[in-house]
Amino acid sequence: MDSFDHLATAARAYQAQLLSRRVFPSPEAIDALSTLPGAFPSTGLPLEEILALLTSVVSPATVLTTSGRYFGFVTGGSLPAALAANQLAAVWDQNAALRIMSPAAVELEFVALRWIADFLRIPAAAIGAFVSGATMANFTGLAAARHSLLAAHGHDVESLGLFTAPDFPVLVGQEAHVSLFKSLAMLGLGRDRVIRVPADSQGRMRPDAFPSLSQPALVCLQAGNVNTGALDSPELIQLAKQSNSWVHVDGAFGLWSPAANYAAADSWATDGHKWLNVPYDSGIVFVRDPQALSSAMGLTASYLNPGAEFEPMQRGPESSRRARGIDAWAALLSLGRTGLREMIERCCRHARRFASVLARHQQTLAWLTAVQAEGECWLGSTLWSGRRALRISVSSWATTDEDVERSLASLIRHLPAR
Ligand SMILES: *Cc1c(COP(=O)(O)O)cnc(C)c1O
């Protein structure tokens, strides 16, 4: 057997247990990880032995995020076409930094970006990039915003840094995602210096609480609250535009909702590895003003000699990287516009079914722990308005009606006595 045969055998065995294995690995399987080689061996192991370790020790300790009964965090699974393309792309080992390094990878990425922009109602003139996730997509969009807001004052932030820069207000919703604050911190804009706009009971920015701005600001909207799924109102864009502000949308998963329409914004961050159901790592950023993005992210060197178009590495923080766009291209091609919409609507229908059964029960940590320990499904918890709540994210293409009913049965079995 060559390594491809090994891989096919191991992959088939893994897929075959998706319906039967515990979703979260058993404590024994996790403990067994300590049997893996602890010291860096002085001589290398043969491929067969490495694969044997992976299949016998590591595989049982994986979290079955691809099973259809994994509802922890907003993760998504991997569509079959995306997974296959991802494997082939790994065989090809293309570097998607520049078109001259991989004409095929860059072509597929640019096509996928066009299709995604079209689906998300992002203007065709905006330029996009694949990055590692929505955290980096936020970082990249906000870097373009920082460039633009400071360039308007004649300050070139990429050359001079922030040391002598004029300041500008940064607005975020009270319930903004933690990664947004991290991005602001990485950009020198400050986690805590922001103006937090109060939120309503669903975690949406309250338009009536939106401050009147006397100068251009950086306004960060959110499409998809990680606890409620709620979308900030797109009408806030018009409010922000009255002061010539830059509007960034953190739409890691919510931007894929049929209800999302943020076409008037300036930059958009989203994930491929959530609702598009492509393998990690896959985030996507779009920026309306190509010049702002390339000013923030551009780089040149005598040996690079990039072409006339904006190359991938002039659109994002990374240079050499895997050809993420190939997975996304294959996922989009396999779903089509209708299939993509149906997948998203199916997830929402499953979520409503969970809510209809569970909403009347008091949600406790003991309940969650019992369900997690059984392993039939996996979900997390959160605190919302000071109350404990089960957090059930339905974002995988693989979740079926039967998965939902099996998971509900487990939840009902472990209902705490009142
Ligand atoms: C998941 C998420 C992020 C972070 O995305 P990563 O892909 O984990 O970097 C940011 N914002 C929102 C709203 C999210 O749901």
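Each ligand, and each atom within it, is numbered from 1 in the order the structure gives. Worth knowing before you read on, the calculation uses all heavy atoms, side chains too, and leaves out hydrogens, waters and symmetry mates.
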What protein heavy atom is closest to atom 9 (O) of ligand 1, reported as residue, atom name and distance in Å? T135 OG1, 2.6 Å

Contact check: Q222 vs ligand 1, nitrogen or oxygen atoms, below 3.5 angstrom: no

Atom 6 (P) of ligand 1: the protein heavy-atom neighbour that sits closest, reported with distance to 0.1 Å: A134 N, 3.5 Å

Worked verdict on W246 versus R146 for side chain to side chain contact (heavy atoms under 4.5 Å, CB included): CA-CA 9 Å; W246 178 292; R146 184 182 71 163; over 6 Å; no

For W115 and R337, what are the C-alpha separation, side-chain angles and deciding distance, and is it a side chain to side chain contact (heavy atoms under 4.5 Å, CB included)? CA-CA 9 Å; W115 290 348; R337 182 188 291 276; over 6 Å; no

Is the W378-Y70 ring centre distance short of 6.0 angstrom? yes

Report, in ascending order of atom number, the atoms of ligand 1 lying under 4.0 Å from any heavy atom of G224. 13 (C)

Under 3.5 Å between some N or O of ligand 1 and some N or O of K274? yes

If you scan protein heavy atoms around atom 11 (N) of ligand 1, the nearest is D250 OD2, 2.8 Å

Atom indices of ligand 1, in the order listed, that fall short of 4.0 Å to a heavy atom of F253: 15 (O)

Identify, for atom 10 (C) of ligand 1, the protein heavy atom at the shortest distance, and state residue, atom and that distance. S179 OG, 3.0 Å

Decide yes or no for N277 and S78: does some side-chain heavy atom of the first lie under 4.5 Å from some side-chain heavy atom of the second? no

Heavy atom of D271, distance to ligand 1 below 4.0 Å: yes

Numbered atoms and elements of ligand 1 in range of H273, under 4.0 angstrom, heavy atoms: 7 (O)

Quick one: does any side-chain atom of T228 pair with a main-chain N or O of Q202 as donor and acceptor, under 3.5 Å? yes

Any donor and acceptor pair, going by atom type alone, linking the side chain of S295 with main-chain N or O of Q291 inside 3.5 Å? yes

Pair N138, H248 - check side chain to side chain contact (heavy atoms under 4.5 Å, CB included), show working. CA-CA 8 Å; N138 278 328; H248 173 78; 2.8 Å; yes

Would V226 count as being in polar contact with ligand 1, using the rule that some N or O on each side must be under 3.5 angstrom apart? no

